[in-house]
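Below is one structure, written out as structure tokens; the observations come after it.
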Amino acid sequence: MSELVLTSKDGEIGIITVNNPPVNALSPGVPEGIAAGVEEFGKDPSVKAIVLIGGGRTFIAGADIKEFGKMTSGERKRGPGFLEILDRIEMSSKPVVAAIHGTAFGGGLETAMACHYRVAVPAAQVGQPEVKLGIIPGAAGTQRLPRLAGVAIGVKMCADGDPIGAAEALKDGIIDQVVQGDLLQGAIAFAKGKIGTAPRRTRDLNGKLGSEQANAPIFAAARDAARKKARNVLAPQAAIDAVEAATKLPYEEGVKREQELFLNCLFDNQSKALIHVFFGEREVAKIPDVPKDIQMIPVNKVGVIGAGTMGGGIAMVFANAGIPVLLKETEQAALDRGIATIQKNYANSVKRGRFTQEFMDQRMKLIHPQLTYDGFADLDMIVEAVFEGMELKKKVFGDLDKIAKPGAILASNTSTLNVDEIASATTRPHMVIGTHFFSPANVMRLLELVRGKASSKEVIATCMALSKKLGKVGVLVGNCRGFVGNRMFGPYRREAQFLVEEGATVEAVDKALYDYGMAMGPLATGDLAGLDVGWRIRKEFKDAEDKSVRQPLLEDRLCEMGRFGQKTGAGWYKYDENRRPLHDPEVDKVIEQVRKEAGIQPRHIGAEEIVDRVIYALVNEGARILEQGFALRSVDIDIIYLNGYGYPAYRGGPMWYADTVGLDKVYARVSEFHKQHGALWEPAPLLARLAKEGKKFSDFTSSAFSATAKGSNA
Ligand code: T1G
């Protein structure tokens, strides 16, 4: 028996233990080991029943995702042998009980459902998260789950991919018992109770499959919901088709249909992109020059300076993680406004069933509003979230330097300003770091951590780990203007404006990017965030502007008219009382005026050019950021754009997308734009080099991750 799967006996009970840390993935040798264990115990007359359990921290967390990339389309015809192995478990003449702790996900839950019974500890979770990887359950999960839990729950779990807890799984019929206390002993006791009984095979349980008439509205609603929640994404629709097949076809034929749908998804670019994202979200946590075992700074008490939109949201983030927060403002009115907004946000979540009232009350108790620095000397970390002005931020950091205890982390939520300059206002720049949250901070998953030239490795490691605890994806970036996300967003929105100046309509630009998969078009996004934010920053950096380079004209013109977007009821669009964007002829007049002044002859611009201009502007700037060392890897940029800027995950991120298109094609298109539109489109040297070498951005790792600003974007 391989070391990946161990067998042992407890009286008449045979025990099969999966031993493949960290998550007992079904790596090669694991399914085979389980099947060998069932066979061994099948032949052993002293064994009357079998328990399958996971060693370490979890039951089986699914197929080994690393193996997917190795599958060739040749395997398309054969399909993995995993199904047969599950059939052997199900056909065992002796009862097989799955004992679940941690996560029974994907192939893990499918293995458990091939067993005759399932017991779990209260904290266990079960789920079919395959759609999050752009695939569907591929080992009869879409056939066995609706047989256990019914069609509605089966289709929801397979199409959403969200896990459920043990109590809910018991209620839904997925598991048979919640074991209090020791799992293995509980499972053995349960198995003993099944000795001598006929194995209950899930494939034979057709009672919950409903009728075509009863199921039709369920599938229609599921398809509708998936179209809204996962626009343009294949897998959820395929998962629904597979569960529907379970209700219409005999078991074996349903499994065949599932296989077809599974392999279609597996060999599609969407799943490659989503698997890139899965590993990417884990890769970004690894900082090459920060040792894994470095001493972390305990963060148990935090302070937030500023109770505005960002400060209030950041306070909620810490409170939601159970960390008490001192929230400081300068004036009572501002503090009251901040607290009122926090209460409103929590109340909305309670109304939408995301939180209980009790959870809200507990969280509100963790947020302590105040007008003084009382208690700040005792805090482990302080996050400054005041108005985006250098002088004010330096004043605050100067104050904190005198108040905070020596080992406290001093963080700034600046979204554009130089972190080293902010740190220079203290005597402890090694304890200073940028923690750039995204609005609304209590919702957006991204946390851009800005490494100052002096930020210590302990501070970096602590904040990277803390971001996971806060439910965020922390990405470490260098300290250049706009860091990574906003620095790339500049060219992205610049091109959107230029396209309108050159002849495209506002709606056409936004529709092209929306159809491409962006959560919202670039111009509508500007209206949502507030056009004045960028306008004020442009005015602050006006003197540094290179006059020889073309600048977008329209948004400044709209701002001069007081059209800041949704917050003023008008920007690129005008908004009705429900904040729905409407076409505004006033904007057409502004566009016409600007074209006339700039001598631009409008022309027809198709969606393809719009997407290429806007997305390749992102990619080209991303390439500069990589070669200048302000991002460690191209995947870091991808994860930033997916979690902070509404970039579609099924396209993997802007850098992954460029790799998928092929850098030779991207470089050719960028060079074309360079000829047509001048210096702004000069191809990044890294793009040119990788294209010539036939390489990808994912082949490039920044050797010199530089914290300090250098290169053309200093
Ligand atoms: N395959 C390979 N590696 C995996 C893995 C998997 N399924 N799951 C986790 N890892 C690695 C991960 O990359 C990381 O590596 C380490 O384990 C710890 O993970 C046939 C086809 C289980 C909830 O989608 O959701 O089954 O970075 O940091 O936060 O129908 O991992 O340390 O080198 O995430 O405690 C379906 C995916 C597969 C579950 C644990 N299963 N995993 O979270 O640890 S498709 C999934 C997770 C399938 C069948 C189909 C989470 C977790 P490294 P971690 P964690």
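One-based numbering, in listed order, for ligands and for the atoms of each.
Only side-chain heavy atoms of Arg57 come within less than 4.0 Å of ligand 1; its backbone N, CA, C and O stay farther off. Neither the backbone nor the side chain of Leu26 has a heavy atom within less than 4.0 Å of ligand 1. Residue contacts with ligand 1 for Lys132 are absent, since no atom lies close enough (heavy atoms, distance under 4.0 Å). Within the 4.0 Å heavy-atom criterion, both parts of Ile65, backbone and side chain, lie near ligand 1.
The single protein non-hydrogen atom nearest to atom 10 (N) of ligand 1 is Val23 CG2, 3.9 Å, given as residue, atom name and distance. Of the protein's heavy atoms, Arg282 CD, 3.7 Å lies nearest to atom 12 (C) of ligand 1. Here the heavy atom of the protein found nearest to atom 23 (C) of ligand 1 is Phe105 CE1, 3.8 Å.
Atom 2 (C) of ligand 1 is flagged as protein-proximal [any protein heavy atom, distance under 4.0 Å].
When each atom of ligand 1 is checked for a heavy atom of Lys286 under 4.0 Å away, the hits are 27 (O), 33 (O), 53 (P). Within ligand 1, counting atoms from 1 as listed, the ones closer than 4.0 Å to a heavy atom of Phe68 are 21 (C), 45 (S). Close contacts between ligand 1 and Phe279 involve ligand atoms 13 (O) [criterion: under 4.0 Å to a heavy atom]. Which parts of ligand 1 touch Glu110 is read off a 4.0 Å heavy-atom cut-off, strictly below it: atoms 20 (C), 30 (O), 49 (C). Close approach of ligand 1 to Gly107 is summarised as follows: ligand atoms under 4.0 Å from at least one heavy atom of the residue are 26 (O), 48 (C), 49 (C). Heavy-atom proximity to Asp64, at under 4.0 Å, picks out these atoms of ligand 1: 1 (N), 2 (C). Every atom of ligand 1 with a heavy atom of Lys468 under 4.0 Å away is listed here by number and element: 28 (O), 29 (O). Near Leu133, the atoms of ligand 1 lying under 4.0 angstrom from a non-hydrogen atom of the residue are 24 (O), 38 (C), 45 (S).
Of the listed residues (Gly106, Gly127, Ala61), the one carrying the non-hydrogen atom nearest atom 41 (N) of ligand 1 is Ala61. Atom 6 (C) of ligand 1 has its nearest heavy-atom neighbour, among Pro22, Gly62, Ala63, in Ala63. Distances from atom 11 (C) of ligand 1 to the heavy atoms of Lys66, Gln125, Glu130 show the closest one on Lys66.
Test Arg144, Arg200, Arg201 against Glu90 for salt bridge (Lys or Arg N to Asp or Glu O under 4.0 Å) and you get one pass: Arg144.
Counting heavy atoms from C-beta outward, Leu52 and Val18 have side chains that approach closer than 4.5 Å.
Side-chain atoms of Asn269 and Thr660 include no donor-acceptor pair closer than 3.5 Å.
Ring geometry for Tyr645 versus Tyr641: interplanar angle under 30°, hence parallel rather than tilted (30 to 60°).
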